[in-house]
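Everything below concerns the one structure shown next.
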Amino acid sequence: MSFRVEVFRLVARIPRGRVVTYGQIAALLGRPRAARAVGRALGRAPGDLPWHRVVNARGGISRRSRPSGMLTQRIRLEQEGVTLRRGRVVLGAHAWPGRGRLAARGGLGCDSH
DNA sequence: TGGTTGACGACAT
DNA sequence: CATGTCGCCAACC
């Protein structure tokens, strides 16, 4: 199984309203330092893959050769109920797997400035 | 075989 | 916080 396909299979499992970082995907696949390769793979992802649920380590939407997709990604995320603060996904509230909703309630003081 | 290319990430400035 | 640098990696040529 090529690395690319493994990435596709994993991304396909990300629940609606949740996001995962390139680095997490790489780590989950047993290659903690292949985050960059993950991004490269997503650039060739099938149209039905929920690629918009993948963001960078800071919760931001990474730049790409064709900027068009960036807007699409932001819109799709918002439509799923993913909250963005100053252009970034609040990872503490939507990161997957684990502790998304819990943090979203404010229990972990993510946005309690 | 060896070099290039990105939807990355950790750090230093 | 906003850049710039550098290391890393799979896929392609």
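These numbers come from the heavy atoms of this one structure, side chains and all, not from hydrogens, waters or symmetry mates. Labels below follow one simple rule: chain letters A, B, ... track the order of the sequence lines, proteins then strands, and each chain is numbered from 1.
Heavy atoms of A:Y22 sit under 4.0 angstrom from at least one base atom. If you check every strand for non-hydrogen atoms under 4.0 Å, A:R66 touches nothing. In this structure, A:G23 reaches the sugar-phosphate backbone alone: every heavy-atom distance under 4.0 Å involves primed, P, OP1 or OP2 atoms, never a base. In this structure, A:R63 reaches the sugar-phosphate backbone alone: every heavy-atom distance under 4.0 Å involves primed, P, OP1 or OP2 atoms, never a base.
Counting only heavy atoms from C-beta outward, the side chains of A:Q79 and A:I75 approach each other to under 4.5 Å. Put simply, the side chain of A:T83 reaches to within 4.5 Å of the side chain of A:H94, judged on heavy atoms.
Salt-bridge check for A:R76 with A:E80: failed, with every basic side-chain N at 4.0 Å or more from each acidic carboxylate O.
Going from atom CD1 of A:I61 over to atom P of B:dC8 covers 12 Å, rounded to whole Å. One atom, CZ of A:R44, and another, P of C:dC13, lie 9 Å apart when rounded to the nearest Å. Distance, A:E6 CD to C:dC9 P: 15 Å, rounded to whole Å. The interatomic distance linking A:L42 (CG) with C:dA11 (P) rounds to 13 Å, in whole Å. The CG atom of A:L71 sits 15 Å away from the C1' atom of B:dA7 (whole-angstrom rounding). In this structure, CG of A:L10 is placed 16 Å from P of C:dA10, rounded to the nearest angstrom. Between the C1' atom of B:dC8 and the CZ atom of A:R64 lies a distance of 13 Å, rounded to the nearest Å. With rounding to whole Å, A:Q73 atom CD is found 8 Å from B:dA7 atom C1'.
In terms of modelled atom types and a separation under 3.5 Å, the side chain of A:Q73 and the main chain of A:V54 share a donor-acceptor contact. Put simply, the side chain of A:R44 gets close to the backbone of A:R40: a donor and an acceptor are under 3.5 Å apart.
Contacts between residues 28-38 of chain A and DNA chain C, defined by a heavy-atom separation below 4.0 Å, involve A:R31, A:R33, A:A34, A:R36, A:A37, listed by number.
At B:dA7, one or more side-chain N or O atoms of A:S65 fall inside 4.0 Å of OP1 or OP2 (strictly under the cut-off). Using a 4.0 Å cut-off, some side-chain N or O of A:R4 falls inside it from OP1 or OP2 of C:dC12.
When the side chains of ILVMFWY residues are joined at heavy-atom separations under 4.5 Å, either directly or via intervening members, A:L84 and A:V20 end up in two distinct hydrophobic clusters.
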Applying side chain to side chain contact (heavy atoms under 4.5 Å, CB included), run through A:H52 and A:R74 and close with a yes or a no. CA-CA 8 Å; A:H52 59 281; A:R74 200 195 79 205; over 6 Å; no
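Comparing atom distances between the A:A57 side chain and each of B:dG9, B:dA7, C:dA11 picks out B:dG9 as nearest.
The residue among A:R86 and A:F3 whose nearest nucleotide of DNA chain C lies closer to the 5′ end is A:R86.
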